[in-house]
Structure formats: C-alpha cells, structure tokens
Amino acid sequence: MAISNKTPEQIASEINFIKEESGKMLLTNAVEIGRRLTEAKELLPHGEWLKWLTESVSYSRSTACRLMKTFREYGSILSSPDEEESPNVASMQHLNYTQGLILFWDPG
C-alpha cells in the first residue's frame with residue numbers, strides 16, 4: 001500500500017464524510033424497504049403476514065415493524081420536493097451509520 005500525501009486530518013474528514021453518507025443511504029434504503037413491507041402487508045390475506053415475512057424476506061416481526069415505522073416517519077420527507085424545509089430532515093441527515101445499525105438491529 002502506497003503512503004499518501006494526506007494529513008491525518010484530511011483522512012479523518014474523508015472518513016467522517018463516508019460515515020455520514022452511509023447513514024443517509026442506510027435510512028433511505030430502510031424507508032424503501034419499509035414502503036414495500038407496508039405494501040405487502042396490505043396485500044396479504046389476514047394471518048399470512050408473519051409467514052410471508054419469514055419465508056420471503058427473512059425478517060422478524062420486530063424488524064419489519066421498525067422498517068415500516070421508519071417509512072411512516074421519513075417516507076414523506078424523502079419523496080417531498082421541499083425536503084430541505086422539513087423539520088425532520090435535520091434528524092435524518094445527522095443519522096450516522098452506527099445509529100442506523102442500532103435502529104434496525106434485531107436482537108431476536
């Protein structure tokens with residue numbers, strides 16, 4: 001591995017940028033999964049939801065609920081043309097990768 005001419009501060013800045021972008025990507029993907037889970041739940045016959053979750057997407061009920069909640073809370077923000085003006089955008093933009101993992105971690 002070649003030694004770069006960057007300073008440790010520049011490298012730290014790059015790492016922090018990547019962490020921030022990872023958090024945004026994690027949240028965006030979680031919203032999209034939550035959107036599709038919500039759609040599937042509405043389409044499935046009563047009593048088939050949990051079976052479908054485990055057999056089709058390998059999610060526990062608690063993980064699916066967290067993802068659908070994320071969709072309900074952030075879905076309109078991500079699809080809104082005035083996204084920068086929304087009061088919840090700040091919390092979405094400051095979600096880092098570790099916070100995202102904790103939000104969606106399934107202990108079961």
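Quick note: numbers below take in every heavy atom, side chains included, and nothing from hydrogens, waters or symmetry partners. In this text, all values refer to a predicted model and were calculated from it rather than measured experimentally.
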Colleague: Please report the closest heavy-atom contact between Thr70 and Ala30, naming both atoms and the distance.
Modeller: CG2-CB, 4.3 Å
Colleague: Rounded to the nearest 0.5 Å, what separation is found between the CZ atom of Arg72 and the CG atom of Leu67?
Modeller: 10.5 Å
Colleague: Other than Ile15, what residues sit in its cluster of Ile, Leu, Val, Met, Phe, Trp and Tyr side chains whose heavy atoms are under 4.5 Å apart, directly or through others?
Modeller: Ile11
Colleague: Just verifying a value: how many Å separate Leu37 CG and Leu53 CG, rounded to the nearest 0.5 Å?
Modeller: 6.5 Å
Colleague: Give every residue pair that meets the side-chain hydrogen bond (donor to acceptor under 3.5 Å, both in side chains) criterion with at least one member in residues 36-47, sequence neighbours excluded.
Modeller: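 Applying side-chain hydrogen bond (donor to acceptor under 3.5 Å, both in side chains) to every pair that reaches into residues 36-47, excluding sequence neighbours, yields Glu32-Arg36.
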Colleague: Any non-hydrogen side-chain atom of Ile18 less than 4.5 Å from a side-chain atom of Glu21?
Modeller: no
Colleague: Would you kindly confirm whether Ile33 and Val57 end up in one hydrophobic cluster when ILVMFWY residues are joined by side chain heavy atoms under 4.5 Å apart?
Modeller: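 In one cluster with Ile33: Val57, yes.
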Colleague: Quick one: list whatever passes salt bridge (Lys or Arg N to Asp or Glu O under 4.0 Å) with Glu48, sequence neighbours left out.
Modeller: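 Result, salt bridge (Lys or Arg N to Asp or Glu O under 4.0 Å) vs Glu48: none returned.
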Colleague: Between Phe71 and Gly34, which heavy-atom pair has the shortest distance, and what is it?
Modeller: CB-C, 3.6 Å
Colleague: Rounded to the nearest 0.5 Å, what separates atom CZ in Arg66 from atom CD in Glu73?
Modeller: 13.0 Å
Colleague: Without swapping roles, check the side chain of Ser13 against the backbone of Glu9 for a donor-acceptor pair under 3.5 Å.
Modeller: no
Colleague: Got a second to check how far Tyr59's OH is from Leu50's CG, nearest 0.5 Å?
Modeller: 15.5 Å
Colleague: Which heavy atom of Trp49 sits nearest a heavy atom of Ala64, and at what distance?
Modeller: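 For Trp49 versus Ala64, the nearest heavy atoms are CZ2-CB, 4.0 Å.
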Colleague: With a 4.5 Å limit on heavy-atom distance, are the side chains of Lys69 and Cys65 in contact?
Modeller: no
Colleague: Could you give the distance from CG (Asn5) to CD (Gln10), rounded to the nearest 0.5 Å?
Modeller: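 Between atom CG of Asn5 and atom CD of Gln10 there are 9.0 Å.
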